[in-house]
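Just so you know, these numbers use all the heavy atoms, side chains as well, and skip hydrogens, waters and symmetry mates.
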Protein chains: 2
Amino acid sequence: MPTLNYSKQRQAILDHLQSRKDHPTAEMIYHTLRKSMPNLSAGTVYRNLGLLTELGQVKKLTGLDGVDHYDGDVSAHSHFICQCCGKVDDVFFDADALLNEKAAEHYDGSITSHHVYFYGTCKACLKNKKEK
Amino acid sequence: MPTLNYSKQRQAILDHLQSRKDHPTAEMIYHTLRKSMPNLSAGTVYRNLGLLTELGQVKKLTGLDGVDHYDGDVSAHSHFICQCCGKVDDVFFDADALLNEKAAEHYDGSITSHHVYFYGTCKACLKNKKEK
DNA sequence: AAAAAATTAAGAATGATTACTGTTTTTTAT
DNA sequence: ATAAAAAACAGTAATCATTCTTAATTTTTT
């Protein structure tokens, strides 16, 4: 397996992702970073997000809109997807540790982690609906 | 919105999906059904799986391997993804009702449902590793 | 049984992601 | 510090799941 060398691009991707609180796609990251790194390549963004995910430095969110999103916050938390506007929010709550245990009682493999996706309507969309 | 008429193809897709306990992709379903319906079209499978998902008759599983999988069992349960072989198992456990409540305490939108993905190593892969 | 509406088959189009190729950075070893 | 080796890059082509389009077929309605 290949050794991981330093690269300006990978560092920029990680820094940028950690600096924002939302959950951008590779394409969004690419477009934003391109302003300061005009010849950044899209492939580089995809490849490095993949590497960073393997290293556990970022988290890849798949059950959303078909496109992969990324989260620079790797602490244990869940995600909320608004079925109205599609936005992705963080949900912090402490049942996390319990879940693996609970699940282990009902499954005979080895469970090491989990991810919870919540669905519903976000605050902004709720407000919007009322106004109509 | 369009009225939903009966179609042999849609019925076959639903019946087939409900008859199996695993979580096939659209492509897998297409290949299997094609044996008995030689001119079934792939687009038809994709479109009907989408419709059936909207109707809540089947469940679409996204956070897996990049390809959408489908579940004919729509009762409340979680899924386990083996990081070794990629297989998807069902996990039945009763914390489901609690989760929405717990999460609601930490989020100010309206949460209506959730889906939990567990990750780890399945029984078969655990056994495999020991033998090496 | 004829008209209207919905669905299909088949294949083209899309779009996110991955793979490839030649060049540039980064590391290693002198 | 510098030359060789390894890894990463940019740019572009290729892939592959999924969606879209169109004309033909089924299903429903009258």
Next on the checklist: Could you tell me how far apart B/Leu4 (CG) and C/dA5 (C1') are, to the nearest whole angstrom?
Outcome noted: 12 Å
Checklist entry - Rounded to the nearest 0.5 Å, how far apart are NE2 of B/His114 and CD1 of A/Ile81? => result 12.0 Å
Next on the checklist: Check whether A/His106 reaches the backbone of B/Val91 with its side chain - one donor and one acceptor, N or O, closer than 3.5 Å.
Outcome noted: no
Checklist entry - Does A/Asn5 put a side-chain nitrogen or oxygen below 4.0 Å from OP1 or OP2 of C/dT28? => result no
Checklist entry - Measuring from A/Lys8:NZ to A/Thr44:OG1, what's the distance to the nearest 0.5 Å? => result 12.5 Å
Checklist entry - Yes or no on side chain to side chain donor-acceptor pair (under 3.5 Å) for B/His79 and B/Asp89, after CA distance, side-chain angles and deciding distance? => result CA-CA 6 Å; B/His79 290 95; B/Asp89 279 340; over 6 Å; no
Next on the checklist: If you assign each of B/Lys8 and A/Lys8 to its closest nucleotide in DNA chain D, which residue comes earlier from the 5' end?
Outcome noted: A/Lys8
Item to check | Atom pair distance, as rounded to whole Å: CG in A/Asn39 and C1' in C/dT23 | outcome: 12 Å
Checklist entry - In whole Å, what is the span from the OH atom of A/Tyr30 to the C1' atom of C/dA16? => result 14 Å
Checklist entry - Does B/Ser7 have a side-chain nitrogen or oxygen under 4.0 Å from the phosphate oxygens OP1 or OP2 of D/dT26? => result no
Checklist entry - Taking CG from B/Asp65 and C1' from C/dA16, how many angstroms apart are they, rounded to a whole number? => result 15 Å
Item to check | For atom CG of B/Leu64 and atom C1' of D/dA17, their distance in whole Å | outcome: 14 Å
Item to check | Shortest side-chain distance from A/Val67, nucleotide among C/dA16, C/dA9, D/dC9 | outcome: C/dA16
Item to check | Whole angstrom value for the distance that separates P of D/dA17 from CG of B/Leu49 | outcome: 15 Å
Next on the checklist: Taking 4.0 Å as the cut-off, does a side-chain nitrogen or oxygen of B/Tyr46 come that near to OP1 or OP2 on D/dT19?
Outcome noted: no
Item to check | Sugar-phosphate, base or nothing in reach of A/Arg10, heavy atoms under 4.0 Å | outcome: sugar-phosphate
Checklist entry - Has B/Arg47 got a side-chain N or O lying under 4.0 Å from the OP1 or OP2 atom of D/dT19? => result no
Next on the checklist: For D/dA10 and A/Gln9 - does any side-chain N or O of the residue sit under 4.0 Å from the phosphate oxygens OP1/OP2?
Outcome noted: yes
Checklist entry - Any side-chain N or O of B/Ser41 less than 4.0 Å from the OP1 or OP2 oxygen of C/dT8? => result no
Item to check | 5'-most by nearest nucleotide on DNA chain D - B/Tyr6 or B/Ala26 | outcome: B/Ala26
Checklist entry - Would you say A/Leu14 and A/Val58 make side-chain contact, with heavy atoms under 4.5 Å? => result yes
